[in-house]
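Here the structure comes first, spelled out in structure tokens, and everything after it is commentary.
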Number of protein chains: 2
Amino acid sequence: MHEVFFTKLRESITLTEEEEAIFRTYLLPKKIRKKQYILQEGDACKYAIFVEKGLLRSYTVNEKGNDQIVQFALEGWWITDMYSFITGEPARYNIDALEESELVLISNAALEELRQRIPKFLEFSFLQMRSAYIAFEKRLSYMNLNTEERYKKMVETYPDIVQRVPQHMIASYLGLTAETLSRARKQMSARK
Amino acid sequence: MHEVFFTKLRESITLTEEEEAIFRTYLLPKKIRKKQYILQEGDACKYAIFVEKGLLRSYTVNEKGNDQIVQFALEGWWITDMYSFITGEPARYNIDALEESELVLISNAALEELRQRIPKFLEFSFLQMRSAYIAFEKRLSYMNLNTEERYKKMVETYPDIVQRVPQHMIASYLGLTAETLSRARKQMSARK
DNA sequence: AGTACGCATTGACTTTTATCAATAAGATTT
DNA sequence: AAATCTTATTGATAAAAGTCAATGCGTACT
């Protein structure tokens with residue numbers, strides 16, 4: 001049970017048997033089907049979600065009714081509406097499954113207790129957050145690039161996501177329309 | 001000495017006298033003049049910088065020779081090239097002073113030791129990083145907005161920065177040209 | 001099997017933003 | 001005080017991206 005979760009954890013820190021046992025008491029397994037919601041805008045985001053298998057996305061819906069993709073999450077990744085998760089405010093994101101998925105849910109209170117009880121986990125959380133910070137910084141810097149360069153960076157950085165997700169969602173993630181991305185791709189393939 | 005630094009720290013955690021003394025041994029004070037560099041692209045970013053007074057910015061220079069502002073940092077804020085800082089790779093950012101500033105420098109090794117020796121500081125670092133993550137997430141979401149909305153959010157979120165920084169730098173921070181921002185502002189003032 | 005839906009593409013057109021060049025007012029330097 | 005930067009603005013034009021509508025294809029649904 002939860003092999004992916006602990007494997008990921010062990011990449012950064014070493015846990016004793018007892019510590020792992022403590023962990024297990026806080027974990028909430030959940031399977032969801034494609035297109036099922038795990039969080040809807042307006043609800044409180046009670047859980048941080050670890051993806052053991054499958055693929056989730058978070059997104060908002062803008063005034064024109066278009067989805068704006070915020071994040072994707074593959075196996076081994078975390079996803080949540082961080083702001084709602086830690087403040088208890090209503091979520092601004094929807095999170096749903098793009099593939100049938102297996103998840104581990106964990107509440108903010110649980111994470112706080114774990115950080116208290118298992119200092120190594122506090123360190124893990126720090127490192128985790130720092131990586132996420134750097135990834136965001138990188139992504140933001142790509143917003144200065146033009147359509148083609150932005151798409152190239154995406155393919156480079158997350159080839160697996162590009163493969164498994166419909167193109168119009170990639171476009172949204174990159175802050176583009178589906179049409180614009182389609183045309184850019186055509187140009188790219190025409191050149192080589 | 002370093003009153004701003006410790007005041008900021010005390011907002012999140014409580015330090016004993018001894019702990020504070022430990023801290024002080026790792027801090028490197030530095031004053032810099034307006035326009036002076038504290039980091040240049042290509043150099044290793046050896047320090048995280050805490051601003052006690054003044055205003056810094058980090059930026060890159062793109063192919064066309066334009067500055068692209070990455071971050072501003074006011075009193076009480078941290079700034080660094082996080083990726084270079086933790087990996088030791090050459091920095092991709094320049095950091096310089098927009099005003100005469102008083103700084104506290106601290107190395108990555110120092111931060112690691114402090115996180116080890118003072119567990120409260122590890123917690124602080126985690127919370128700090130989490131806030132920075134959320135700020136980035138928010139900023140990225142604003143990139144979907146049009147010029148005017150983007151600028152409004154900026155004024156709302158960081159009115160002090162908007163006041164103290166030239167407009168063309170605000171434009172760059174928002175991923176716009178100076179001309180576009182100037183025109184948007186004109187329209188806004190015309191309407192009310 | 002047939003219908004509906006999601007996805008990608010294309011064309012025509014509009015809107016937004018960038019680019020280039022010029023000007024002018026302040027601030028800073030010498 | 002004069003000369004030089006920096007900053008903000010404006011106009012003309014070009015480039016990039018968005019919008020709207022239509023088509024075709026494949027897959028899922030029942």
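Below, chains carry the letters A, B, ... as their sequence lines are ordered, and counting in each starts from 1. Everything numeric here is computed off the predicted structure, so don't read it as measured data.
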Quick check on [N]: is either OP1 or OP2 less than 4.0 Å from any side-chain nitrogen or oxygen of [X]?
{"X": "B/K186", "N": "D/dT10", "result": "yes"}
{"X": "A/Q167", "N": "C/dG6", "result": "no"}
{"X": "B/S182", "N": "D/dA8", "result": "no"}

From [atom1] of [X] over to [atom2] of [N], roughly how many Å is that when rounded to an integer?
{"X": "A/L176", "N": "C/dT9", "atom1": "CG", "atom2": "P", "result": "14 Å"}
{"X": "A/M188", "N": "C/dA8", "atom1": "CE", "atom2": "P", "result": "16 Å"}
{"X": "B/N146", "N": "D/dA16", "atom1": "CG", "atom2": "C1'", "result": "16 Å"}
{"X": "A/R183", "N": "D/dA15", "atom1": "CZ", "atom2": "P", "result": "18 Å"}
{"X": "B/N144", "N": "D/dA17", "atom1": "CG", "atom2": "C1'", "result": "14 Å"}
{"X": "B/E99", "N": "C/dA27", "atom1": "CD", "atom2": "P", "result": "15 Å"}
{"X": "A/Q68", "N": "D/dG18", "atom1": "CD", "atom2": "P", "result": "11 Å"}
{"X": "B/L98", "N": "D/dT6", "atom1": "CG", "atom2": "C1'", "result": "13 Å"}

Per [X] side chain, nearest of listed nucleotides [options]:
{"X": "B/P166", "options": "C/dT19, D/dT19, D/dA8", "result": "D/dA8"}
{"X": "A/H168", "options": "C/dC20, C/dA8, D/dT19", "result": "C/dA8"}
{"X": "B/E179", "options": "D/dT19, D/dT10, D/dA17", "result": "D/dT10"}
{"X": "B/K35", "options": "D/dA8, C/dT10, D/dT6", "result": "D/dT6"}

Seminar exercise, completed: Interatomic distance, CG@B/L181 vs CZ@B/R150, rounded to 0.5 Å, equals 10.5 Å

For this session: Run the ring-centre check on A/Y93 versus A/Y83 and record whether the distance is less than 6.0 Å.
Result: no

Problem set entry | N/O donor-acceptor pair, side chain B/R150 with base C/dT16, under 3.5 angstrom | no

For this session: Record whether the side chain of B/R185 comes under 3.5 Å of the base of D/dT7 through a donor-acceptor pair of N or O atoms.
Result: no

Exercise. How do B/M169 and B/T180 order along DNA chain D: which one's closest nucleotide is nearer the 5' end?
Worked result: B/M169

Exercise. Is the cationic atom of A/R57 (NZ for Lys, CZ for Arg) positioned less than 6.0 Å from the six-membered ring centroid of A/Y59 and within 45 degrees of its normal?
Worked result: yes

Problem set entry | Cation-pi check, A/R24 onto A/F5 ring (under 6.0 Å, within 45° of axis) | no

For this session: Taking all non-hydrogen atoms of both residues into account, name the closest pair between A/I69 and A/S172 and its distance.
Result: N-OG, 2.7 Å

For this session: Describe the nucleic acid contact of A/K34 in one word from base, sugar-phosphate, nothing, applying a heavy-atom distance below 4.0 Å.
Result: nothing

